[in-house]
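Residues: numbered from 1 along the sequence shown. Treat the numbers as computed from the prediction; the structure is a model and nothing was measured. As the structure lists them, so they are numbered: ligands from 1, and atoms in each ligand from 1.
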Amino acid sequence: MSAEVPAATPAKSDFIRDLIAADLAAGRNDGWVVTRFPPEPNGYLHIGHAKSICLNFGIAQENVPKSRCHLRFDDTNPAKEDTEYVDSIMEDVRWLGFDWGDNLFYASDYFEKLYQFAEQLITKGLAYVCQLTPEQMREYRGTLTEPGKPSPWRDRSVEENLDLFRRMRAGEFSDGDRILRAKIDMASPNINMRDPALYRILRAHHHRTGDAWCIYPMYDYAHPLSDALESITHSLCTLEFEHHRPLYEWLINNVDGLPGRPYQREFARLNLTHTVMSKRKLLQLVKQSLVNGWDDPRMPTISGMRRRGYTPAAIRDFCKTIGVTKFQSLNDFALLEHSVREDLNANALRAYGVLKPIKVVIENYPEGQVEHLEAPNSPDAAKGTRQVPLSREIYIEEDDFMETPVAGFFRLYPGGEVRLKFAFCIICKEVIKDSDGRIVELRCTYDDATRHGKKPEGRTKPKGIIHWVSARHAIDAEVRLYERLFTEEQPDAGDADFLECMNPESLTVTTAKLEPSLANALPGSHYQFERVGYFFADPKDSKPGAPVFNRTVGLKDSFAKQQAKA
Ligand code: ATP
Ligand code: MG
């Protein structure tokens, strides 16, 4: 469950791994496989990024020793970027269990080289300085059905272009007054090839280069050249970049002096039900305080999932399960929860917690008596046992009692008998209510002959087994229960604002009664509260003596059920 280095068990093969295998078989790149994960540091990573991280780092792990995966920050847009994001991204990739070793790079480290490449393209007559206004640019660009038309500045001489580009760098023009464009084909059916912008003027402080630059390369220009500078062999990106591939290749083919010749391939991005994944929208949720920060456990961010108690192994397993294809699809959130449950079921310690307590007085149990029962910490016997105190007054779960039981209800009801897990059976003798008719207490009796799972002669064994905590010994703890953040399966699919389908019940804070051993739960530790769900001692707010628990996931596995039905 910790961030152990994942074993390089090969993922199922997929079209990208097949392509790489074919390259290796053909002896390309001297047998090297070099990939990269290239986030822009303008937000926190989310579960979609985890798919890309598992793919890129996973492929490198599967091809040792002649392989590596770089972490490269594509930091070409200083207006939106920040070191807070850089730091969080590094933390999240490491937490997921991946290691870039010495291969940490920043596109901003290449600014001088990228600038020189641009001069090279100008010198070759392949780039020009244009001064159309943004509106004119749109008009000249044409549409999907109509070709564009050439900018009046398209045929400037090489000398004039060089001079203007140098003056752009020197700060002689104001922001947006000039751009450098590639000179490709204004009639191309692919709009990305209609003289795309390569450089813009932008006076913005950069988190690494400070105020050294007032021109910045466009993403589509910086990305392929950064890949080539790092000798990336396989540049894997999401499908929306498919139409950018010709520009990627044009740059690789037209710039001289590149150490590598990467090629780009595209795969379908991850989409999850009841989730938005656009960084802009996630930022909006944070900025408008609709959630409690980037690491709010309801967020689809890696940091949110970590805080909720999802484990790196579970997220990696989920990514392996969904695989990599070229088809857009929508994955069920329940599938991710299924992976989380599988991991926690194997690894989380067991404990008793009652979320909605109702008091039970065991009338024939001696007042003042306390006994300690031995309970296993896990189905795995190696994890040992602990002592759980029991006394005359206990709490059980409200839902484990029904005054008028429906058919098939095998837990506690008036006159009915139920087993208290690891203890003995009790029978409900009386229901005490307050003046409003609310149940405040159940009076029960116990039968000493039913200890250790025994059934006295001639009696039927109760079918129900419920959990409990000793009232005198229980601790009160804040427990945060999470539901889906959005009620719609696809919050941003329609025309409506995605905020309109935020789930008003996505967070419920309650005070639970927990067994006393949980008082000292270490922040960041996982538990299964038996019969209730998986809980995680909040790494920020939980303190020894005053634990706070996040519900990671319930016990019911709707995905496994769906599978069984299918
Ligand atoms: P934007 O570019 O709009 O800020 P982005 O989600 O593309 O957002 P990047 O930082 O550019 O963010 O993403 C880094 C890498 O993660 C890219 O290679 C991108 O293709 C990949 N990625 C982003 N979202 C997903 C997703 N939902 N599924 C799979 N890969 C993704
Ligand atoms: Mg992007």
> Does the side chain to side chain contact (heavy atoms under 4.5 Å, CB included) test come out yes or no for Arg200 and Tyr216, once each step is laid out?
Replying inline: CA-CA 6 Å; Arg200 65 198 192 287; Tyr216 288 97; 3.8 Å; yes
>> With side chain to side chain contact (heavy atoms under 4.5 Å, CB included) as the criterion, how do Met186 and Lys149 come out once you've worked through the C-alpha distance, each side chain's angles and the decisive distance to 0.1 Å?
In response: CA-CA 6 Å; Met186 287 308 292; Lys149 49 183 187 184; over 6 Å; no
>> Does Lys320 form a side chain to side chain contact (heavy atoms under 4.5 Å, CB included) with Cys54? I'd like the steps, not just the answer.
In response: CA-CA 8 Å; Lys320 202 179 270 186; Cys54 289; over 6 Å; no
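Heavy atoms of Arg280 found under 4.0 angstrom from ligand 1: none, in either backbone or side chain. In Phe241, neither the side chain nor the backbone holds a heavy atom less than 4.0 Å from any atom of ligand 1. For Pro38, heavy-atom contacts with ligand 1 shorter than 4.0 Å involve the backbone as well as the side chain. When heavy-atom distances to ligand 1 are checked against a 4.0 Å cut-off, Asn42 comes that close only through its side chain, counted from C-beta outward.
Selection from Ile89, Ile322, Leu270, Leu283 by nearest heavy atom to atom 27 (N) of ligand 1 gives Leu270.
Of the candidates Asn56, Asp23, Asp227, Leu19, His234 forms a side chain to side chain contact (heavy atoms under 4.5 Å, CB included) with just one, namely Asp23. The only option from Phe117, Tyr199, Tyr110, Phe111 that meets the ring pair (Phe, Tyr, Trp, His ring centres under 6.0 Å) definition with Tyr221 turns out to be Tyr199.
Rounded to the nearest 0.5 Å, atoms CD1 (Ile59) and CZ (Arg68) are 15.0 Å apart. For the atom pair CD (Glu337) and CZ (Phe318), the distance works out to 10.5 Å, reported to the nearest 0.5 Å.
In this structure, Arg36 fails the cation-pi test against Phe105, since its NZ or CZ atom is not both closer than 6.0 Å to the six-membered ring centre and inside 45 degrees of the ring normal.
Aromatic ring pairs are classed by plane angle as parallel below 30°, tilted from 30° to 60° and perpendicular above 60°; the pair Tyr115 and Trp213 is tilted.
By the 3.5 Å distance cut-off applied to N or O atoms, Arg269 is counted among the residues near ligand 1. At a 3.5 angstrom cut-off on N or O pairs, Lys51 does not count as close to ligand 1. When only interatomic distances are considered, the shortest N/O to N/O separation between Cys237 and ligand 1 does not fall below 3.5 Å.
Taking every heavy atom of Glu40 and a limit of under 4.0 angstrom, the matching atoms of ligand 1 come to 9 (P), 10 (O). Atoms of ligand 1 found under 4.0 Å from any heavy atom of Lys279, numbered from 1 in the order shown, are 1 (P), 4 (O), 5 (P), 6 (O), 8 (O), 9 (P), 10 (O), 12 (O). Interface of Ser52 with ligand 1, defined as ligand atoms under 4.0 Å from a residue heavy atom, comprises 16 (O), 21 (C), 30 (N).
Remark: distances from the non-hydrogen atoms of Lys80 to ligand 1 are all 4.0 Å or more. Distances from ligand 1 to the non-hydrogen atoms of Tyr219 include no value under 4.0 Å.
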